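Report on the following structure.
Residue numbering restarts at 1 for every chain, and letters A, B, ... go by the order of the sequence lines. Bear in mind that the values here come from a model prediction, so they are computed numbers and not experimental data.
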2 protein chains.
Amino acid sequence: MTKRTRVTRQKTAKIADVARLAGVSVATVSRTLARPEVVIEETRMRVLAAVRDTGYMPNVSARNLRVRKTMIVLVAVPDIANPFFAEVLQGIDDTLSAAGYGLIIANLAGSPEKEARYVDLVCAGQADGVLLLCGHVMRSPTRDLRDARVPLVAACEHIPHENFPQVTIDNVGTAREAVEHLIELGHTRIAYLSGPKSNILEQQRLEGYLQALRETGIAADARLILPGDFTFHAGVEAGQSLLALKPTARPTALFAANDEMAIGLIKTMHAAGLQIPNDLSVVGFDGIAYADYCEPTLTTIVQPRRELGAAAAAELIELMTTGKAGSPKHVKLPARLIRRDSTRPPPKRPGGIHRLARGPAKTAQ
Amino acid sequence: MTKRTRVTRQKTAKIADVARLAGVSVATVSRTLARPEVVIEETRMRVLAAVRDTGYMPNVSARNLRVRKTMIVLVAVPDIANPFFAEVLQGIDDTLSAAGYGLIIANLAGSPEKEARYVDLVCAGQADGVLLLCGHVMRSPTRDLRDARVPLVAACEHIPHENFPQVTIDNVGTAREAVEHLIELGHTRIAYLSGPKSNILEQQRLEGYLQALRETGIAADARLILPGDFTFHAGVEAGQSLLALKPTARPTALFAANDEMAIGLIKTMHAAGLQIPNDLSVVGFDGIAYADYCEPTLTTIVQPRRELGAAAAAELIELMTTGKAGSPKHVKLPARLIRRDSTRPPPKRPGGIHRLARGPAKTAQ
DNA sequence: GATGAGAATGTAATCGATTACATTCGGCAA
DNA sequence: TTGCCGAATGTAATCGATTACATTCTCATC
């Protein structure tokens with residue numbers, strides 16, 4: 001009574017089954033699949049027919065064991081739900097999967113336990129290479145990713161003092177460019193909405209902000225540097241802290257270390273009845289898709305997100321295939337300021353409180 | 001002159017190295033790691049010390065081959081950059097990685113070649129189970145995912161006529177609820193911004209829309225069903241097509257099959273000088289984070305995104321561990337309508353053109 | 001016809017773990 | 001003393017592929 005499935009094997013066929021069916025040795029089967037040109041037409045046909053009939057697929061674990069490769073890359077990402085990383089991942093996926101690699105996504109989510117588990121995975125030979133989007137070399141209590149002697153490439157966040165390839169943009173320069181844009185519009189009281197202090201991107205973008213002020217002779221004001229952590233919510237809080245200031249004490253422009261915070265801040269200002277950019281110009285950073293969806297559309301530094309991922313992936317493939325270890329090159333991809341609707345010259349308040357401006361405050365030019 | 005790294009082995013240590021160093025057999029090493037209680041204290045200490053000294057980690061490929069498991073789950077997702085899926089993925093990752101599984105993300109991106117490659121991976125035993133977020137059973141030109149005889153669970157999009165577990169929400173019922181909300185507010189000319197016709201979610205949400213109209217005696221109007229494809233851009237285009245209508249012919253409310261389209265549509269209406277919800281009430285679907293960030297905040301059906309992922313993952317773990325095949329249960333998680341700022345009663349236009357309403361047009365109640 | 005080159009295929013070692021089964025050993029009861 | 005039992009450990013088979021090396025065979029050449 002048991003309905004027997006027709007030709008299908010109970011368990012998946014192995015190479016020996018195919019060999020038996022085709023009347024050849026396992027070596028010939030393996031060769032037929034790996035280098036068809038070395039086996040003569042007639043044999044090849046018999047083998048391929050047997051492969052089809054059995055539904056044979058070479059077992060990945062067995063092959064991995066033998067050839068000491070897995071064709072898998074581990075990608076460490078701080079937060080998979082962050083749209084910026086999601087877009088970088090697309091670029092990585094395009095390049096890597098075209099080259100036949102699969103990717104394991106290590107969503108670190110700030111959890112040291114997760115991080116440790118993934119380090120162990122890699123040390124145990126589960127991946128042929130690792131792509132770090134996370135700003136540090138992963139570690140577990142007992143070991144470090146470098147112990148795995150596996151090709152490593154970092155992207156997006158530069159990791160200083162390491163001798164593996166890295167792919168980023170010029171964070172300092174583009175941040176400076178963003179602030180210069182505000183200065184050119186005539187702003188002099190420019191706030192900075194920062195990321196977590198320990199983050200290298202934060203440090204670089206802050207540096208760019210300070211450089212822009214310095215080179216135009218605007219004194220930095222510590223009270224205009226607002227704490228943040230790259231989340232929408234941090235933007236909301238920063239907005240509230242601006243609203244708590246006397247209107248005359250408020251900055252006329254703000255540079256946010258990323259788009260999500262900028263969007264949160266704008267929303268909070270709107271809720272309080274202020275207009276962007278009329279009451280406050282805002283520049284973001286990253287160029288996530290929503291920066292162009294929100295209202296007003298966000299002036300921001302657009303990072304080439306897919307390209308960053310693709311370039312890093314290409315670099316890693318190079319490393320994995322040629323084994324040419326430790327070319328510590330640091331690729332920088334171009335990123336540009338896109339002017340949209342969230343910035344404009346400051347309102348002309350003749351008796352304004354531009355007390356920080358050294359020279360006569362420039363107006364729109 | 002070559003700086004010799006101290007104790008570190010040149011190549012990663014294998015179990016035989018540990019055994020030699022500890023003066024025991026490989027079996028004892030393996031047992032010490034797998035079932036410490038069966039080996040006496042003194043031996044165990046020696047072995048653990050040797051493990052530490054060598055930095056030994058069991059090779060994953062070898063173990064996988066022997067025990068016929070990989071502790072890897074493949075997650076098929078239509079588009080990794082879609083924020084809805086990103087949040088579902090978080091739930092999946094939480095549950096799966098806590099249980100010791102790694103996940104390979106198959107970003108299908110509408111590419112049959114990619115899909116085929118992943119099917120082959122699974123058939124080749126690269127994964128212990130598969131989570132389908134993609135609304136269909138994956139296939140390659142020659143085979144079907146079912147050929148792999150691997151545990152399967154579908155989430156988010158129901159796949160009809162399959163006997164594996166599925167975890168979704170009640171799409172028909174919640175879509176109906178969304179439209180009922182508009183009707184309760186007094187709307188009778190309610191448009192529907194649809195997804196791709198072939199998509200099961202689209203079919204279910206359309207059905208909910210039609211049910212709500214039917215049960216309240218409002219005739220459906222094919223001209224109020226706008227084509228879409230779940231993207232922001234489709235929302236923009238739908239907005240433009242609404243703007244092309246004579247103002248009096250426009251609907252007073254719109255139900256979008258997902259949030260991204262709703263947001264695109266709202267943006268387009270704003271650009272044309274219309275107010276949401278004053279000139280048009282809008283309800284979305286999904287409850288992505290940005291639905292609460294945009295302006296006005298979006299009334300929408302909030303899906304329990306993390307929970308969907310977590311529940312599906314739990315279901316899959318059950319299947320993978322107990323091997324209890326084919327429990328075709330269909331879990332439905334609750335989803336609720338969240339009323340925010342994008343909906344309100346229709347403007348009172350005494351001589352309005354509610355020519356489609358059967359009974360006397362209800363007004364806000 | 002003998003010889004050798006080269007092509008096609010086969011045999012068996014190998015990758016590194018897990019684990020069934022075998023062995024050793026100590027202690028206790030008869 | 002012998003024999004047996006159970007605990008601790010060792011030996012070797014096994015997972016399923018790849019591939020170095022061995023073998024066989026064909027054919028051209030002398």
Side-chain angles (χ1 to χ4, degrees), chain A residues 9-48 50-51 54-72 120-121 123-128 148, chain B residues 9-48 50-51 54-72 120-121 123-128 148:
Chain A
R9 272 343 116 256
Q10 286 312 345
K11 287 278 95 189
T12 55
K14 54 172 90 168
I15 196 169
D17 301 327
V18 178
R20 195 173 320 118
L21 184 59
V24 297
S25 71
V26 294
T28 299
V29 176
S30 181
R31 278 189 289 253
T32 304
L33 266 24
R35 302 192 307 284
E37 69 281 4
V38 305
V39 20
I40 63 174
E41 172 89 8
E42 194 249 320
T43 315
R44 192 187 331 146
M45 289 317 181
R46 273 215 318 283
V47 171
L48 291 178
V51 167
T54 53
Y56 169 73
M57 291 239 56
N59 178 292
V60 179
S61 298
R63 161 182 290 160
N64 288 352
L65 174 59
R66 179 62 225 239
V67 306
R68 300 157 161 287
K69 287 173 49 162
T70 62
M71 295 305 280
I72 288 207
D120 285 351
L121 262 192
C123 289
Q126 175 74 276
D128 291 343
Chain B
R9 269 347 113 256
Q10 285 312 348
K11 286 277 95 189
T12 55
K14 54 173 88 170
I15 196 169
D17 301 327
V18 178
R20 196 174 318 116
L21 184 58
V24 299
S25 72
V26 294
T28 299
V29 176
S30 180
R31 276 189 288 251
T32 304
L33 267 24
R35 302 192 308 283
E37 70 281 4
V38 306
V39 22
I40 64 174
E41 172 89 9
E42 193 250 321
T43 315
R44 194 188 330 148
M45 288 317 180
R46 274 216 316 283
V47 171
L48 291 180
V51 167
T54 53
Y56 169 73
M57 291 240 58
N59 178 292
V60 179
S61 298
R63 161 182 290 160
N64 288 352
L65 173 59
R66 180 61 226 236
V67 306
R68 300 157 163 286
K69 287 174 49 162
T70 62
M71 294 306 280
I72 286 206
D120 285 350
L121 262 192
C123 288
Q126 176 74 277
D128 292 343

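Residue A:Val26 comes nearest to A:Ala19 through the heavy atom pair N-CB, 3.8 Å, listed as atom of the first residue, atom of the second, then distance. Minimum interatomic distance between B:Ala62 and A:Leu65 (heavy atoms only, all atoms of both residues): CB-CD1, 3.8 Å.
D:dT18 atom P lies 11 Å from atom CE of A:Met57, rounded to whole Å. If you take CG of B:Leu65 and P of C:dG16, they are 12 Å apart, rounded to a whole angstrom. A straight line from CZ of B:Arg66 to P of D:dG16 spans 10 Å, rounded to a whole angstrom. Across the protein-nucleic acid pair, A:Ile15 atom CD1 and C:dA12 atom P stand 17 Å apart, rounded to whole Å. Counting to the nearest Å, the P atom of C:dT9 and the CZ atom of A:Arg31 are 8 Å from each other. Nucleotide D:dC25 holds its C1' atom 11 Å from the CD1 atom of A:Ile40, rounded to whole Å. Summarising the geometry, the separation between CZ on A:Arg46 and C1' on C:dA8 is reported as 12 Å, rounded to the nearest angstrom. One can place CG of B:Asn64 at 11 Å from C1' of C:dG16, the figure rounded to the nearest angstrom.
Judged by distance alone, the side chains of A:Asp128 and A:Thr70 do bring a donor and an acceptor atom under 3.5 Å apart.
Side-chain nitrogen and oxygen atoms of B:Tyr56 include none within less than 4.0 Å of the OP1 or OP2 phosphate oxygen of C:dG16. Of the side-chain N and O atoms in B:Ser30, one or more sit less than 4.0 angstrom from OP1 or OP2 of C:dT18. A close approach under 4.0 Å does not occur between any side-chain nitrogen or oxygen of B:Thr28 and OP1 or OP2 of D:dA8.
The residue B:Val60 sits apart from the nucleic acid: no heavy atom pair falls under 4.0 Å. Counting non-hydrogen atoms under 4.0 angstrom, B:Thr43 reaches the backbone sugars and phosphates but no base.
Across A:Thr32, A:Val18, A:Ile15, a single residue satisfies side-chain contact (heavy atoms from CB on, under 4.5 Å) together with A:Val51, and that is A:Val18.
Summary of the strand contacts: B:Val29 and A:Val39 both lie near DNA chain C, and taking for each the nucleotide with the nearest heavy atom, the more 5' one is attributed to A:Val39. Residue whose closest nucleotide on DNA chain D sits further toward the 5' end, between A:Ala16 and B:Glu37: B:Glu37. Residue B:Ala62 is the one, among B:Ala27 and B:Ala62, whose nearest nucleotide of DNA chain C lies closer to the 5' end (criterion: closest heavy atom).
Proximity note for A:Arg68 (side chain, C-beta onward) versus C:dT18, C:dG16, D:dG10: the nearest is C:dG16. Side-chain proximity of B:Ser25 to D:dG16, C:dT18, D:dT11: nearest is D:dT11.
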- Task: Would you sort out whether B:Leu33 and B:Tyr56 count as a side chain to side chain contact (heavy atoms under 4.5 Å, CB included), showing the intermediate values?
- Result: CA-CA 11 Å; B:Leu33 267 24; B:Tyr56 169 73; 3.7 Å; yes

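At least one side-chain heavy atom of B:Glu41 sits less than 4.5 Å from a side-chain heavy atom of B:Arg44.
The backbone N or O of B:Ala50 sits less than 3.5 Å from a side-chain atom of B:Thr54, completing a donor-acceptor pair.
In this structure, the helix from C:dG1-D:dC30 to C:dA30-D:dT1 shows an angle of 70° between the axis at its start and the axis at its end, each fitted on 5 base pairs and rounded to 10°.
Taking the charged nitrogens against the carboxylate oxygens, B:Asp17 and B:Lys14 have no contact shorter than 4.0 Å, which rules out a salt bridge.
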